[in-house]
Amino acid sequence: MASSSSYKLRCSIPGHEMDVRGLASAVFPEGAFVSVSRDRTGRVWVPNSSPDNGFTEMHSISGHTNFVSCVCVIAPSETYPRGLIASGGNDNNICVFTLDQAQPVFTLTGHKNTVCTLSSGKFGTLLSGSWDTTAKVWLNEKCMMTLQGHTAAVWAVVILPEQGLMLSGSADKTIKLWKAGRCEKTYTGHEDCVRGLAVISDTEFFSCSNDASIRRWLVTGECVQVYYSHTNYIYSISVFPNCQGLLCNNGEDRTVRIWRQGECSQTIRLPAQSVWCCCILPNGDIAIGASDGIIRVFTEVVDRIASAEDLQAFEDELSKTIIDPKTGDLGDIKIEDLPGREHLEEPGNRDGQTRLIKEGDKVEAYQWSVNDARWMKIGDVVGGSNATSKSVMYEGKEYDFVFTIDVNEGGPSMKLPYNVAEDPWLTAHNFLQKNDLSPSFLDQVANFIIENTKGQVVGPNPPAGGDPFTGGARYIPGASDERSAFGADPFTGSGRYIPGSGPNPIASSGVADPFTGGSAYSSAALRQASTNIYFPKTDGVTFEQANSAQIIAKIKELNGSAPQEYKLSQEALESLVRLLGSISEPNSSEAPPTIQEINLLWKASHWPEDIVFPVLDIMRLAVRHPMVNETLCGEAEGVQLCNHLLSLMSPEGRPANQMLALRTLCNCFMGRQGRALLLAQRETVLSRAADLAGICNKNIHIALATLVLNYASCLHSQPDLEAKAQCLSVASRALETVQDKEAVFRLLVALGTIVSSDQSARELARSLGVNSQISKYSSVSDPSKVAECCKLVLKEMQ
C-alpha cells in the first residue's frame with residue numbers, strides 16, 4: 001500500500017461518554033483494540049469493511065464501580081486462547097475479562113488506591129501500579145508479590161523482555177528496576193512525575209514525565225538521550241514495533257508527537273484539552289484517546305486516510321477549539337504585541353510549530369503542517385494576561401473561585417480554591433486529601449464545583465484528570481535508608497569456640513542425606529538411578545552439631561566480664577549445663593528441661609549483643625526439643641521469640657548472632673508450634689533474612705538457604721501461592737550473591753520443592769527468569785549434587 005509522508009486522520013470513534021483513559025491493541029480479532037473510559041466501561045473495537053475505514057464496537061465490558069483508568073491485554077493461553085483484557089480503576093480493583101463476556105471472569109483486589117497502570121508479560125504475569133505507592137505482580141488470580149520502594153504514586157509499569165525484570169515509574173520522580181521482587185536500580189533525572197514507560201529492547205527503554213521531557217535509558221542506568229518538544233505534561237509513550245527509532249507520545253498540550261531517530265517529525269493536534277493515551281495498532285496506525293470521549297485513529301497508508309470531507313470536518317473542529325493560556329502551552333500573551341494575518345505568509349521551519357496572530361480583538365492559534373506546507377488554524381485563544389482579571393487571592397495565589405465548604409455539620413468550614421481550566425474531580429480529590437476527608441465525598445464535591453461554575457468552563461470540555469500527584473504541593477513521605485554489612489569472624493585465639501563449628505556428623509553408609517556434608521553423599525552410586533532424591537523435600541533440615549563443653553566454657557568466660565545486671569549466678573550456670581545436657585539429644589532418656597531452665601535460657605538470650613552468641617547456640621539446640629519448642633514458640637511467647645531473633649538479624653548486627661539466629665529459626669521447624677509460628681510470621685522473617693544475602697559470610701548464606709528450604713518444605717503441599725512467591729523471590733535474590741556451593745545446592749532444592757507439582761509456581765518461576773538464572777549451575781562438577789539438582793529443577797520447569 002502507498003504511504004504518505006505523515007499521519008493523517010483515518011476515522012473518529014465517538015463511543016464513550018467521558019474521557020478515554022486507556023487503549024491497548026487486542027490479540028483477537030485481527031486489527032482490534034480495547035478502550036477504557038471514565039464512563040466506567042471498556043469497549044472492543046474491530047475494523048469494518050465500510051468505505052470510511054472505521055471501527056465497529058464488537059463488545060462492551062463493565063465491572064468497575066468507579067472510573068476506569070488503564071487497560072492491557074494478557075497474551076493467549078491454553079485456558080484463554082483469545083487472551084484476556086485487564087482493566088484498572090479508581091475503585092482500587094483490577095477486572096479481568098474475556099472477549100465474549102460483559103462481566104469480569106475474576107477481579108484482583110489488594111491495592112489500596114486507584115490502579116492507574118498495567119503491563120502484561122509472559123506466562124500470564126500481570127504487573128500493576130497504583131496511587132498507593134506500590135506495584136504488584138499477579139498470576140492466576142493471585143498477588144504473587146508487592147514491590148515497595150516508591151514514596152508516591154506509581155504511574156507507569158512495564159515488564160522487560162528479559163525474564164524477571166520489571167520497571168516502575170513514579171510521582172516521586174524516579175524509575176526503579178525490579179528483579180524477583182527486589183529493587184535492583186533507581187534511575188533519577190526527571191524533574192517531575194514519571195508518567196509513562198516503553199520498552200525499546202532487552203537493554204533500553206523510554207520514559208516520559210510531567211516535566212515535558214522524554215528520556216532514553218540503558219537498563220544499566222545511563223540516560224543516553226533527552227528529547228524536548230512538548231510544552232506540558234506527557235502522559236504516555238509508545239514504541240512502534242520492529243521500527244527502529246520511531247515512537248509517539250501524547251500529553252496535556254493537546255498533541256500527539258511522532259519521533260523519528262530522535263527528532264520530532266510530526267505534531268498531531270487534537271480538539272481536546274488532554275490527550276490521555278495512544279497505542280500502536282499492528283498495521284502501524286495510531287489510536288488516540290482524549291478528554292472529549294472520542295477515539296481518533298491516524299494512518300500513514302493512503303488507502304486508509306479519511307475522505308476529504310472528513311478531513312476538512314476535523315480541521316474545522318480543530319479551528320474552533322478554545323485555547324486557554326492557563327494550560328501553559330502558549331506562554332504569556334499580550335494582544336497588542338502580536339502580528340496580524342500577514343505573519344502566516346511566512347512558512348514554518350518545523351512540523352507542529354505554533355504561531356499566534358491578532359485578528360481584530362481576537363487571538364488565533366495556527367500550527368505549521370510540513371506535509372501540507374501550510375498553516376492550519378488550531379483554535380481561538382482566550383484569557384490572555386492582559387484580560388481583565390476577576391481572580392480571588394487565596395494562600396498567595398490567584399483563583400477564579402474560592403468556595404466555602406461545610407462537610408461536617410457543626411465543624412469548621414473549609415476553603416476550596418478552583419480555576420475554570422482545572423478538572424473538577426481532580427480539584428475535589430486534592431481538596432479531600434488535603435483536609436483528610438473521606439473519598440466517599442468525591443462525587444459530591446466535584447458536582448458542587450460543576451454546578452457552581454456553569455458557564456465558566458473554558459472550551460467544549462473541561463480538562464479531565466484524576467491525577468492527585470501532579471504539582472508542587474503533593475505529599476511525598478520521607479524515604480528509608482538501607483545499609484549492608486560485611487561479615488567476618490569476630491573470634492580470635494587458637495582452640496577458640498566458634499558457633500556452629502565442629503565436625504560434621506558421620507553419615508551411615510549407602511545413600512546418605514545430601515545435606516549432612518560432602519563426605520556423606522556420593523552421587524556415583526546413583527548415576528543410573530531415575531529417582532529424584534533431592535526434591536520435593538517435605539521434612540526440615542536442621543543444624544545439629546555442637547561441642548557442649550566449649551559452649552559452656554565460653555558462657556562461663558563471658559559471664560565473668562558481663563555487666564552486673566546480666567551476670568548469672570553459679571546456680572544459674574549449673575541450670576544451663578543441665579539444660580544443655582537434656583536437649584543435646586531431644587529424644588534421649590534424659591530428664592526433660594524444666595520451665596525454670598527454659599525461662600533462664602530466655603532471660604540469658606538478652607545478654608548484650610557482643611557476648612550473647614554462646615547463649616544463642618544453646619537456644620539453637622534447645623528449640624529442637626518438643627517441650628522447649630512448645631514453650632518458646634507458643635502463641636504469645638512465639639511472637640516475642642521471633643521478634644528477638646529478627647532484631648539480632650539486623651544487617652548492621654554481628655555476623656555470629658545473625659548466623660545463630662537464622663539457625664535457631666531453621667531448627668524451630670522441628671516442632672509443631674515452631675512451624676505454625678514461622679508460617680504465621682513468614683513475610684517478616686523472610687524479608688529480614690533476605691537482607692542478609694549481601695553479607696559476605698558462607699555460614700550465614702548456608703543458614704539463609706536452609707531457612708528458605710524449610711519454608712519450601714512446609715509450603716509444598718499447600719496452595720498458598722503468595723507464600724511460595726516470596727520463597728521464590730528470596731531464593732532468586734540469594735542466588736545472585738551466594739557463592740558457597742552448599743548454600744547454592746540448598747537453594748536449588750528449595751526451588752525444586754516449590755515448583756514441584758504446582759503449575760502456577762512453575763509459571764511464576766519462569767516469569768522471574770529462574771531458568772536462565774540457575775542454568776550455569778548445571779555444569780558444576782564439585783560437588784556433583786549441585787549440577788544434578790540443577791538439571792532436575794530445569795526439567796521440572798519445562
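Values below: every heavy atom of this structure, side chains too, minus hydrogens, waters and symmetry copies. In this chain, residues are counted from 1 in sequence order.
Using a 4.5 Å cut-off on side-chain heavy atoms (C-beta onward), Val685 and Leu707 make contact. With contacts defined as side-chain heavy-atom distances shorter than 4.5 Å, the pair Met619/Val628 does not qualify. With a 4.5 Å cut-off on side-chain heavy atoms, Cys633 and Leu641 count as touching. Contact check for His150 versus Ser168: side-chain heavy atoms found under the 4.5 Å cut-off. Using a 4.5 Å heavy-atom cutoff, the side chains of Trp607 and Leu568 are in contact. Residues Arg766 and Arg762 have side chains in contact (heavy-atom distance under 4.5 Å, counting atoms from C-beta outward). Using a 4.5 Å heavy-atom threshold, the side chains of Leu721 and Leu764 count as separate. Contact of the Leu794 side chain with the Tyr777 side chain is not registered, since no non-hydrogen atoms from C-beta on lie closer than 4.5 Å.
Distance alone, capped at 3.5 Å, is enough to place a donor-acceptor pair between the Asp172 side chain and the Thr151 backbone. Side chain of Asn629 to backbone of Cys668: a donor-acceptor contact under 3.5 angstrom is found. Judged by distance alone, with hydrogens and angles left aside, the side-chain atoms of Gln658 form a donor-acceptor pair with the main-chain N or O of Ser650 at under 3.5 Å. Remark: side-chain polar atoms of Lys567 are paired, donor with acceptor, to backbone N or O of Gly560 under 3.5 angstrom. Within the 3.5 Å criterion, the main-chain N or O of Ile583 finds a donor-acceptor partner in the side chain of Arg624. Side-chain atoms of His701 come within 3.5 Å of backbone atoms of Ala693 as a donor-acceptor pair (strictly under, hydrogens ignored). Between the side chain of Lys724 and the main chain of Gln718, a donor-acceptor pair closer than 3.5 Å is present. Arg663 contributes no side-chain N or O that, together with a main-chain N or O of Phe543, makes up a donor-acceptor pair within less than 3.5 Å. Side-chain atoms of Thr174 never come within 3.5 Å of backbone atoms of Thr186 as a donor-acceptor pair (strictly under, hydrogens ignored). Side-chain N or O atoms of Ser784 include none that pairs as donor or acceptor with a backbone N or O of Ser781 at under 3.5 Å.
Interatomic distance, CD of Glu574 versus CG of Leu579, reported as 13.5 Å (0.5 Å rounding). Going from atom CD of Glu722 over to atom CE of Met144 covers 7.0 Å, rounded to the nearest 0.5 Å. Distance CG/Leu704 to CG/Leu709: 11.0 Å, rounded to 0.5 Å. To the nearest 0.5 Å, atom CG of residue Leu127 and atom CH2 of residue Trp178 are 10.0 Å apart. Atom SG in Cys666 sits 11.0 Å away from atom CG in Leu660 (nearest 0.5 Å). The OG1 atom of Thr594 lies 9.0 Å from the CG atom of Leu600; values are rounded to the nearest 0.5 Å.
Listed here is the closest heavy atom pair of Lys122 and Pro161: NZ-O, 4.0 Å.
Gln759 CD: more than 12 foreign heavy atoms inside a 6.0 Å radius. Heavy-atom contacts from other residues, nucleotides or ligands closer than 6.0 Å to CD of Glu565 number more than 12.
Aromatic ring pairs are classed by plane angle as parallel below 30°, tilted from 30° to 60° and perpendicular above 60°; the pair His644 and His606 is parallel.
Side-chain atoms of Gln773 and Ser732 form a donor-acceptor pair, as typed in the model, at a separation below 3.5 Å. In summary, the side chains of Thr542 and Glu544 do present a donor paired with an acceptor at a separation below 3.5 Å, with no hydrogens or angles considered.
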Run the side-chain donor-acceptor check on residues 672-680: report pairs under 3.5 Å with partners two or more places apart or on a different chain.
from, atom 1, to, atom 2, distance (Å)
Arg675, NH1, Phe669, O, 3.0

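Between Arg182 and Glu736, none of the side-chain N atoms (NZ, or NE/NH1/NH2) sits under 4.0 Å from a carboxylate O, so this pair counts as no salt bridge. A salt bridge links Glu742 to Lys785: at least one charged side-chain nitrogen sits closer than 4.0 Å to a carboxylate oxygen.
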side-chain contact (heavy atoms from CB on, under 4.5 Å), that's the test. Do Lys136 and Leu108 meet it? Break it down for me.
CA-CA 11 Å; Lys136 290 181 181 289; Leu108 305 176; over 6 Å; no
Could you please spell out the steps behind the side-chain contact (heavy atoms from CB on, under 4.5 Å) verdict for Val755 and Phe535?
CA-CA 10 Å; Val755 303; Phe535 62 83; 5.6 Å; no
